[in-house]
Amino acid sequence: RDGGYGYKCLPEDKTKPKEDKTKPKGDKPGRADNSNSQYGVLGVWAAVLANEEVPNAYWQSVLDHWKECQASDGGWGYAANAKASTATMTAGGLATLFVCFDNLLYAKFTKCKVDFDFKQLDKGLDWMAGNFANVVKGSGGGKIGLGDIYYFLYGIERVGLACGYKYFGSADWYKLGAERLLAAQQPNGAWRGKWSEVVSTSLAMLFLVRGQHPVAFNKLEFKGDWNNRPRDLAQLTRWQSGSFERTLNWQVINLKVPVEEWHDAPILYIAASDAPEFSEADLQKLRLYIHQGGTILSATECGGKGFREGIREVYKKILPGYELLPVPANHPLYTVQYKLAGQPAFAMIHNGIRPLVLHTDQDLPKSWQILNTAFAKGDFEIASNLLMYVTDMGELRNRGVSHWPQPPTREATKTVKLARVISAGRWNPEPAAYQRFAMLLQQRTGVKIEIEPINAEAMGTCDAPIACLTGTAKIQLSDDQKQALKQYVSKGGLLLVDAAGGSMDFADAIEADLQGMFNVRTIPRLGSESPIYKLKGNQIETFSYRRKARLEQDLKNQPDLRGIQTGNRLGVIFSRQDITGGLLGIPMYDCAGYAPDTAYKIMRNAVLYSVRDAQPAPSPQAATTPAADEPAAKANGKGKGKPQPNE
């Protein structure tokens, strides 16, 4: 009746013990304790997730109980009158407050900038931010009553998934907890704690497995009204988990941490009603997140003119040269899973390989916040379509697994120059793809590559043994550019050409140019015995393609590379399928090309093949590499032509 659970189930009026008013309130016979109480609420929450109806009076009773039990320091103890907070009970208190929030208070946020003070929740999160790292590291357990690390981490997993925060303070709760557990696992696979190995191991496994469920969305915390709908993604991913029959998570990230820590989720979610305030450093991080494979989803809340106009200015700054264009009704975004006939309306920035930005001015977060599946089901279905489209039918990584490699620790044994050919036709759609490839190549082979963007018309004097030319649109090389590229190949260079994203416009145009440059009627396929596949120690035995290439081009496990011989060596490698996008290492719905692992192997072998015979290099060519944040199109390769704009 008072919102808590105890060990005894007492009839309402017959055998309920009388209160002894001479004892503290927490000592009443049969009174609830917070350990039992958190498990009772978990049972009712499981019923809600199975679509059982629970009256609001229940949630109000539970909320009142936990508000009453909270200690002055913001934490919780075992009983209502506990003198000190404990880590385990604070985790239970926080998880329970979030469950109550989702089931009782969610409807308070139909408007923007709601003046809502949930001080108990804020105080609890502050307690956890100040104590979590010390508890897990073992430096604060005695002072704050840890009890049992496995029981604590099980509670933390529920808090982390409920609140969405990736960090408590500055500590990544899943990473720190997983490190502690992996270090404590016994040789027989078990964990030993306060209770039996079975109990401790069960709690440890629940943390590791449930905490590792894929994160679909990162919600960005920034200066402004970023959290008008605090439970929008919690409710959305709850619905999506049922729709996908797979548990999906969400989390809140901030602009203080490196972009590499944003890669848990393929989508960065930004929503507000006011114009967002981003510093130049913030804009640089947003740009880097996109370049490293992420997609931004933005939504205007409450019809806010400030955000509607402000976010468009942000996209102009971070993606110059790209336009935010309306998505047509027949686009896969509206058909990939649910058939939605072009609604709700979206706009997109697409680089010819994948979506970089998706934006809507319809207040979808409002529907998500109040879980309005009865009257606005399409607002949920479009979010699932969007996730399927961005991740190529739901290819999601687990939390803590990143496609972006760490800087190589292996010392370089050889350095190879790789030229990026600057031309028309969006020659650099994925600016970070070759950076990722370079890190992987050095770590795995010891070969370091130096990337140099060079104008096509300057390639005749380029000294790089390998040059890469790509694009996502129709290309028309000038006579000077054709002559320079032919001269580069004739002097011993290897030219690798791929149609980024599988662009047929680019592939058809460049194939015709190559045929004319080298006076060949066709560019034959390279047989399975080609030396490019048979390098000693780096043989490519199997070939994998992305879904689109398999379905539309009926490509199986055989290579489809084409080549032009010059003398006794391979001078040109041409691929009508995408390689460039594959080097980024992420799923792509629109990309007809090689799967990331195969794309890496092809590029690896091309680099190694280009230097295998120590071919004499042409005369040196001065070329500058742009700074990290400078558009690569500004690189100053010498030659008759000027660099063509890319973005």
*asked:* Check for me whether Arg547 meets the cation-pi criterion with Tyr589, that is, NZ or CZ under 6.0 Å from the six-membered ring centre and within 45 degrees of the ring axis.
replied: yes
Return a table of donor-acceptor pairs under 3.5 angstrom between the side chains of residues 110-117 and protein atoms on other chains or two or more places apart.
{"residue": "Lys113", "atom": "NZ", "partner": "Asp274", "partner atom": "OD1", "Å": "2.9"}
{"residue": "Lys113", "atom": "NZ", "partner": "Asp274", "partner atom": "OD2", "Å": "2.8"}
{"residue": "Asp117", "atom": "OD1", "partner": "Lys119", "partner atom": "N", "Å": "3.3"}

_NZ/Lys285: more than 12 non-hydrogen atoms of other groups inside 6.0 Å_ = yes
*For Trp191 and Leu181, indicate whether the former's side chain and the latter's backbone hold a donor-acceptor pair under 3.5 Å.*
yes
*Do Trp66 and Trp76 have side chains that get closer than 4.5 Å, going by heavy atoms?*
yes
*Separation between CG of Asn56 and OG of Ser61, rounded to the nearest 0.5 Å*: 12.5 Å
*Does the side chain of Asp590 pick up a donor-acceptor pair with the side chain of Tyr389 at under 3.5 Å?*
yes
*Look at the side chain of Arg436 and the backbone N and O of Trp404, then say whether any donor-acceptor pair between them is shorter than 3.5 Å.*
no
*Between Arg546 and Asp392, is there a side-chain N and carboxylate O pair less than 4.0 Å apart?*
no
_Ignoring hydrogens, what is the shortest heavy-atom contact between Pro405 and Leu440? Give both atom names and the distance._
CB-CD2, 3.8 Å
*Indicate the atoms forming the closest heavy-atom contact of Gly155 with Ala91, along with that distance.*
C-CB, 3.9 Å
*Could you give the distance from CG (Asp73) to CG (Asn131), rounded to the nearest 0.5 Å?*
8.0 Å
*Is there side-chain contact between Trp173 and Val136, with at least one heavy-atom pair below 4.5 Å?*
no
*Please list, chain by chain and in numerical order, all residues satisfying side-chain hydrogen bond (donor to acceptor under 3.5 Å, both in side chains) with Glu197, sequence neighbours excluded.*
Arg192
*asked:* Which label fits His263 and His403: parallel for a plane angle under 30°, tilted from 30 to 60°, or perpendicular past 60°?
replied: perpendicular
*Take atom NZ in Lys123; do more than 12 heavy atoms of anything else shown fall under 6.0 Å from it?*
yes
*For Lys166, check salt bridge (Lys or Arg N to Asp or Glu O under 4.0 Å) against everything at least two apart and list the hits.*
Asp172, Asp264
*asked:* Would you compute the distance between atom CZ of Phe307 and atom NE2 of His359 and round it to the nearest 0.5 angstrom?
replied: 6.5 Å
*Who passes side-chain contact (heavy atoms from CB on, under 4.5 Å) against Asp64, sequence neighbours left out?*
Gln60
_Name of the residue among Tyr154, Tyr174, Tyr150 meeting ring-ring contact (aromatic ring centres under 6.0 Å, His included) with Phe207_ = Tyr174
*Hey, is the main chain of Trp262 close enough, under 3.5 Å, to the side chain of Asn218 for a donor-acceptor pair?*
yes
*With no hydrogens and no angle check, is any side-chain donor or acceptor of Gln120 less than 3.5 Å from a backbone partner on Gln70?*
no
_Residue Met205 excluded, over 12 heavy atoms near CE under 6.0 Å_ = no
*Minimum heavy-atom separation for Thr90 to Trp127, with atom names?*
CG2-CE3, 3.5 Å
*asked:* Out of the candidates Lys366, Gln369, Glu301, only one should pair with Asn228 under the side-chain hydrogen bond (donor to acceptor under 3.5 Å, both in side chains) rule; please name it.
replied: Glu301
*Does Asn36 reach the main-chain N or O of Asp33 with its side chain, forming a donor-acceptor pair under 3.5 Å?*
no
_Determine whether a donor-acceptor pair (N or O, by modelled atom type, separation under 3.5 Å) exists between the side chain of Asn351 and the backbone of Arg354._
yes
*asked:* Would the distance check show the side chain of Arg246 and the main-chain N or O of Pro214 forming a donor-acceptor pair, the cut-off being under 3.5 Å?
replied: no
*Do Trp226 and Asn254 touch side chain to side chain, with heavy atoms closer than 4.5 Å?*
no
_Any side-chain heavy-atom pair of Ile253 and Leu220 under 4.5 Å_ = yes
*What closest approach, in Å, do Pro365 and Ala271 show between heavy atoms, and which atom pair accounts for it?*
CG-CB, 4.3 Å
*From Trp59 CH2 over to Phe101 CZ, what is the distance, rounded to the nearest 0.5 angstrom?*
14.0 Å
*Counterpart residues, ring-ring contact (aromatic ring centres under 6.0 Å, His included), relative to Trp45 (two or more places apart)*: none
*Hey, is the main chain of Trp368 close enough, under 3.5 Å, to the side chain of Asp379 for a donor-acceptor pair?*
no
*Should the heavy atoms of other residues, nucleotides or ligands under 6.0 Å from OH of Tyr106 be counted, would the total exceed 12?*
no
*Please name the pair of heavy atoms, one in Tyr545 and one in Ala549, separated by the smallest distance, quoted to 0.1 Å.*
CB-CB, 4.1 Å
*Would you find a donor on one side and an acceptor on the other, under 3.5 Å apart, between the side chain of Lys377 and the backbone of Thr373?*
no
*Pro266 pairs by side-chain contact (heavy atoms from CB on, under 4.5 Å) with which of Leu396, Thr295, Ile586?*
Leu396
*Counting distance only, does the side-chain N/O of Gln186 pair as donor-acceptor with the main-chain N or O of Ala184 below 3.5 Å?*
yes
*Given side-chain contact (heavy atoms from CB on, under 4.5 Å), test Thr96 with Val62 step by step and report yes or no.*
CA-CA 8 Å; Thr96 303; Val62 170; 3.7 Å; yes
*Any Lys/Arg nitrogen of Lys219 or Asp232 sitting under 4.0 Å from an Asp/Glu carboxylate oxygen of the other?*
yes
*Output the distance between atom CZ (Arg399) and atom CD (Gln212), rounded to the nearest 0.5 Å.*
9.5 Å
*Are the side chains of Tyr165 and Val159 in touch, meaning some heavy atoms are under 4.5 Å apart?*
no
*Are Phe278 and Phe222 near enough that their ring centres are under 6.0 Å apart?*
yes
*For the side-chain contact (heavy atoms from CB on, under 4.5 Å) test, which of Val314, Leu255, Ile318 pairs with Asp282?*
Leu255
*Count the heavy atoms belonging to other residues, nucleotides or ligands that lie under 6.0 Å from NZ of Lys256, then report whether that count exceeds 12.*
no
*How are the rings of Phe380 and Trp239 set relative to one another: parallel (under 30°), tilted (30 to 60°) or perpendicular (over 60°)?*
tilted
_Residue pair Ile290, Val357: steps toward the side-chain contact (heavy atoms from CB on, under 4.5 Å) verdict_ = CA-CA 8 Å; Ile290 290 174; Val357 167; 4.2 Å; yes
*Can you sort out the partners of Gln38 under side-chain hydrogen bond (donor to acceptor under 3.5 Å, both in side chains), two or more places apart, ordered by chain and number?*
Tyr151, Arg158
_Point-to-point distance, once rounded to the nearest 0.5 Å, from SG of Cys302 to CZ of Arg229_ = 4.0 Å
